[in-house]
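Here is how names work: the chains are called A, B, and so on, in the same order as the sequence lines, proteins then strands, and each is numbered from 1.
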Amino acid sequence: MSDAELQPPPGMADLCAPEIFLWQRVEEVARQLLVRYGFLEVRTPLLERASLFVRAIGEATDVVQKEMYLLQDRGGREMALRPEGTAGVMRWVASGGSDRAEARLYYMGPMFRAERPQAGRRRQFHQIGVEALGPASPAADAECIALQVHLLQAAGLEGFALRINTRGVPADGPSVVAGIRTGLGGRSDALCEDCRRRLAVNPLRVLDCKVPQCRAVADTLPPVTEFMGEGSRRYFDEVLRLLHLLDIPVAHDPRLVRGLDYYVHTIWEITHPALGAQDAVAGGGRYRMQLGGRELEGVGFAIGLERLVLALQKYGVRPDESAVRPRVWIVAADAAQMGDLLVLLQALRRRGVAAGMDLAGRSLKAQMRAANRAGAAWAVIRGAAEAEKGVFILKNMSTGTQEVMDLAELVQRLIEP
RNA sequence: GUGGAUGUAGCUCAGUUGGCAGAGCGCCAGGUUGUGGCCCUGGGUGUCGCGGGUUCGAGCCCCGUCAUCCACCCCA
């Protein structure tokens with residue numbers, strides 16, 4: 001049980017029933033909904049050139065600096081397991097993959113980050129993400145958020161909170177940095193060690209530090225929008241106005257900062273109180289990046305499936321397991337019937353009936369136990385006596401009553417609802 | 001990468017100041033010579049995560065190691 005050889009690699013999990021049913025339901029709900037919004041699925045490689053992520057996500061980010069799984073392939077190329085989904089999709093778009101200028105794409109699958117595992121954080125984790133390409137537009141951002149909220153609700157999640165902020169445009173950068181530095185200028189000694197370093201490297205990061213002293217200092221700063229140009233402020237106000245129109249509850253959090261370099265304008269995060277320390281169930285934002293000489297812009301989000309499922313479970317959402325129960329269990333009262341019953345088993349399945357059978361030659365009693373355990377509504381029993389008369393026993397597993405009938409009637413009864 | 005906690009049966013976990021390794025659930029068989037659930041009876045050698053050390057004696061104490069969980073950090 002604790003044999004290290006048999007454990008999955010650290011932070012990676014084997015997934016099966018019963019949790020898998022919840023995953024499958026979420027995935028099905030997502031596919032249905034995304035089609036309704038006009039998104040098409042794209043599946044990109046799990047392994048990409050490491051340089052792709054460096055360029056797209058940013059050299060200085062934690063994800064690139066210390067969380068990527070790096071490896072050399074047979075040709076000596078520096079490769080990385082994808083730590084997120086946007087970069088791969090953008091590579092595909094930049095390579096001419098999409099024939100539409102304003103492609104609407106979605107993906108779902110595993111991502112990899114070599115972090116220390118904890119509640120809601122795996123080294124292999126799974127995301128459902130969307131990318132809506134197109135020029136900056138408050139309406140596009142609002143639609144994207146509306147879709148994400150819709151998706152979470154359709155999956156059965158309640159009680160989540162949406163926080164939103166703006167990064168402005170790259171041109172705002174210098175004045176935002178200057179504003180923060182000026183605001184914090186005299187009080188850098190009141191900040192934690194990390195924040196004093198951040199102040200030099202990435203001052204925005206000081207805003208979302210969790211150390212209480214830093215918080216207190218950061219709280220005295222005006223919202224970052226104060227340091228942005230008129231255009232950025234108007235853009236953000238319009239996003240807020242549209243979300244209000246759409247009746248989507250949202251809190252403006254001036255301290256919300258997102259880690260990846262490609263974000264511009266609107267950024268947001270959805271948290272859930274049932275989750276513990278890693279409480280962001282989903283996040284998103286508008287982004288802009290240069291890839292292969294092309295400038296790509298769009299808005300997108302990702303939902304963390306582990307976290308979504310965790311939150312659903314804590315809220316008592318249970319998958320419906322009746323869907324995987326067989327309708328009928330076939331029982332051979334003596335081994336000589338096995339061949340005929342196997343034929344019946346396949347005939348029923350080909351007619352759409354979920355059917356099961358013990359194939360190991362166990363006792364009648366053991367087969368009946370298996371029928372009960374599988375949750376079958378009916379059992380079909382046949383031994384030498386029935387075979388001789390050309391009939392079958394059909395037993396109702398909940399009432400315990402049973403009837404004798406021929407093959408035609410048996411099949412008819414089992415096909416009926 | 002840093003810190004704290006935890007590793008005992010298939011699962012969940014007891015195990016006293018170091019002194020014969022246990023319970024519940026599950027599973028298998030029987031009670032029912034061709035019938036499940038409920039009930040009764042029977043069925044446990046399990047590298048006490050692994051490797052060292054201390055001791056007459058270690059599941060328990062010490063060191064190391066691996067793994068898991070939680071938190072920092074970061075993010076979905």
Side-chain angles (χ1 to χ4, degrees), chain A residues 1-13 57 61-68 83-86 108-129 148 152 160 192-195 198 202 205 208-211 256-260 267-272 275-285 300-311 329 331-335 337 358 362-387 393-402:
Chain A
M1 156 200 143
S2 293
D3 188 335
E5 288 252 316
L6 300 182
Q7 296 276 341
M12 306 197 181
I57 303 172
T61 58
D62 281 13
V63 170
V64 165
Q65 282 198 337
K66 44 191 195 191
E67 294 170 6
M68 281 208 293
E84 56 99 61
T86 302
M108 41 210 290
M111 308 293 164
F112 303 85
R113 293 183 198 175
E115 302 176 274
R116 194 74 168 260
Q118 77 187 76
R121 188 168 77 187
R122 314 275 77 183
R123 288 183 173 184
Q124 177 177 329
F125 61 103
H126 299 78
Q127 291 185 334
I128 297 177
Q148 191 173 31
L152 293 174
F160 52 85
C192 71
E193 201 179 315
D194 286 335
C195 280
R198 287 178 185 131
N202 188 358
R205 278 270 162 224
D208 69 342
C209 182
K210 282 168 193 147
V211 177
L256 178 66
V257 173
R258 314 223 78 223
L260 313 183
I267 53 175
W268 69 91
E269 197 168 281
I270 294 179
T271 56
H272 197 281
L275 280 181
Q278 306 298 318
D279 64 350
V281 71
F301 66 71
I303 294 175
L305 275 178
E306 279 79 2
R307 293 179 187 182
L308 174 55
V309 167
L310 220 55
W329 196 264
V331 173
D334 67 88
Q337 309 308 315
D358 181 284
R362 276 185 246 279
S363 71
L364 176 57
K365 192 184 190 104
Q367 292 181 67
M368 289 305 296
R369 245 199 316 271
N372 189 61
R373 192 167 27 231
W378 301 94
V380 169
I381 306 163
R382 179 143 122 146
E386 289 75 29
I393 297 169
L394 179 63
K395 175 167 183 161
N396 182 315
M397 292 297 286
S398 55
T399 64
T401 56
Q402 48 188 54

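Here, B:rA5 and B:rU47 have their P atoms 28 Å apart, quoted to the whole Å. Between B:rA76 and B:rU6, the distance separating the two P atoms is 33 Å to the nearest Å. Rounded to the nearest Å, the gap between the P atom of B:rU12 and that of B:rG18 is 28 Å. When the P atom is used for both B:rG22 and B:rA9, the distance is 14 Å, rounded to whole Å. Nucleotides B:rU32 and B:rG37 place their P atoms 14 Å apart, quoted to the nearest Å. Going from the C1' atom of B:rC73 to that of B:rU2 covers 9 Å, rounded to whole Å. Comparing B:rC39 with B:rG24, their P atoms are spaced 14 Å from each other, to the whole Å. Rounded to whole Å, the C1' atom of B:rA21 lies 8 Å from the corresponding atom of B:rG59.
B:rU54 makes up no base pair with any nucleotide shown, lacking Watson-Crick or G-U wobble contacts both under 3.5 Å. Here B:rC38 sits opposite no nucleotide as a Watson-Crick or G-U wobble pair (both hydrogen-bonding atom distances under 3.5 Å). Nucleotide B:rA5 has B:rU68 as its partner under the Watson-Crick or G-U criteria, with both atom distances under 3.5 Å. Across the strands present, B:rC25 finds its partner in B:rG10; the criterion is a Watson-Crick or G-U wobble pair with both atom distances under 3.5 angstrom. Remark: B:rU32 base-pairs with no nucleotide; criterion is Watson-Crick or G-U wobble with both hydrogen-bond distances under 3.5 Å. Base pairing analysis places B:rC20 opposite nothing; no Watson-Crick or G-U wobble pair with both distances below 3.5 Å involves it. With a cut-off of 3.5 Å on both Watson-Crick or G-U wobble distances, the partner of B:rC74 is given as none. Partner assigned to B:rC48 is none, using Watson-Crick or G-U wobble distances below 3.5 angstrom.
Rounded to whole angstrom, the span from the CZ atom of A:Arg116 across to the P atom of B:rG3 amounts to 9 Å. The nearest whole Å value for the distance from the CD1 atom in A:Ile128 to the P atom in B:rA76 is 15 Å. For A:Met68 and B:rG1, the CE to P distance is 17 Å, given to the nearest whole Å. Between A:Arg369 atom CZ and B:rG37 atom P there is a gap of 7 Å when expressed in whole angstrom units. A:Lys365 places its NZ atom 9 Å from the P atom of B:rU32, with the value rounded to the nearest Å. Protein atom CG of A:Asp334 is 14 Å distant from nucleotide atom C1' of B:rU35, rounded to whole Å. Between A:Lys66 atom NZ and B:rC73 atom C1' there is a gap of 6 Å when expressed in whole angstrom units. Protein atom NE2 of A:His272 is 15 Å distant from nucleotide atom C1' of B:rA76, rounded to whole Å.
Atom CE in A:Met111 sits 10.0 Å away from atom CD in A:Gln124 (nearest 0.5 Å). A distance of 10.0 Å separates CG in A:Asp62 from CG in A:Leu260, rounded to the nearest 0.5 Å.
Between the side chain of A:Gln7 and the base of B:rU68 there is no donor-acceptor pair of N/O atoms closer than 3.5 Å. Side-chain atoms of A:Arg307 and base atoms of B:rC75 include a donor and an acceptor less than 3.5 Å apart. In terms of polar N and O atoms assigned as donor or acceptor, the side chain of A:Asn372 comes within less than 3.5 Å of the base of B:rG36 in a complementary pairing. One donor-acceptor pair, N or O on each side, does fall under 3.5 Å between the base of B:rG34 and the side chain of A:Glu386. Residue-to-nucleotide contacts include a donor-acceptor pair under 3.5 Å from the side chain of A:Arg121 to the base of B:rC73. Within 3.5 Å, a donor on the side chain of A:Lys395 pairs with an acceptor on the base of B:rG36, or the reverse.
Heavy atoms of other residues, nucleotides or ligands lying less than 6.0 angstrom from CZ of A:Arg205 number more than 12.
Looking at A:Arg307, its side chain does come within 3.5 Å of a backbone N or O of A:Ala280 through a donor-acceptor pair. A:Glu306 places no side-chain N or O within donor-acceptor distance of the main-chain N or O of A:Arg121, the cut-off being under 3.5 Å. No donor-acceptor pair under 3.5 Å is formed between the side chain of A:Glu115 and the backbone N or O of A:Glu67.
Between A:Pro9 and A:Asp62, the residue anchored nearer the 5' end of RNA chain B, judged by the nucleotide with its closest heavy atom, is A:Pro9. Between A:Ser363 and A:Thr399, the one whose closest nucleotide on RNA chain B sits nearer the 5' end is A:Ser363.
Among the protein residues, A:Arg362 comes within range of no part of the nucleic acid, since none of its heavy atoms lies under 4.0 Å from any strand. Note on A:Ala371: nothing from the nucleic acid sits closer than 4.0 angstrom, heavy atoms only. Across all strands, A:Gln278 comes closer than 4.0 Å to base atoms (heavy-atom distances). In this structure, A:Gly400 reaches the bases: a heavy-atom distance under 4.0 Å links it to at least one base atom across the strands shown. Base engagement by A:Gly120 is indicated by at least one non-hydrogen atom pair under 4.0 Å involving a base atom. In this structure, A:Gln402 reaches the bases: a heavy-atom distance under 4.0 Å links it to at least one base atom across the strands shown. Counting non-hydrogen atoms under 4.0 angstrom, A:Leu305 reaches nothing in the nucleic acid. If you check every strand for non-hydrogen atoms under 4.0 Å, A:Ala370 touches nothing. Heavy atoms of A:Ser398 sit under 4.0 angstrom from at least one base atom.
Residue A:Gln118 has a polar side-chain atom (N or O) positioned under 4.0 Å from OP1 or OP2 of B:rC72. Between A:Arg373 and B:rC28 there is a side-chain N or O to OP1 or OP2 distance below 4.0 Å. Contact annotation: A:Arg258 side-chain N/O to B:rA76 OP1/OP2 distance is under 4.0 Å. When the side-chain nitrogen and oxygen atoms of A:Arg205 are compared with OP1 and OP2 of B:rC75, one or more of them lie within a distance under 4.0 Å.
Put simply, the side chain of A:Ile381 does not reach to within 4.5 Å of the side chain of A:Gln367, judged on heavy atoms.
For A:Ile393, the listed nucleotide lying nearest its side chain is B:rG34; candidates were B:rA76, B:rA71, B:rG34. In the set B:rA71, B:rC69, B:rA76, B:rA76 carries the atom at the smallest distance from any side-chain atom of A:Gln127.
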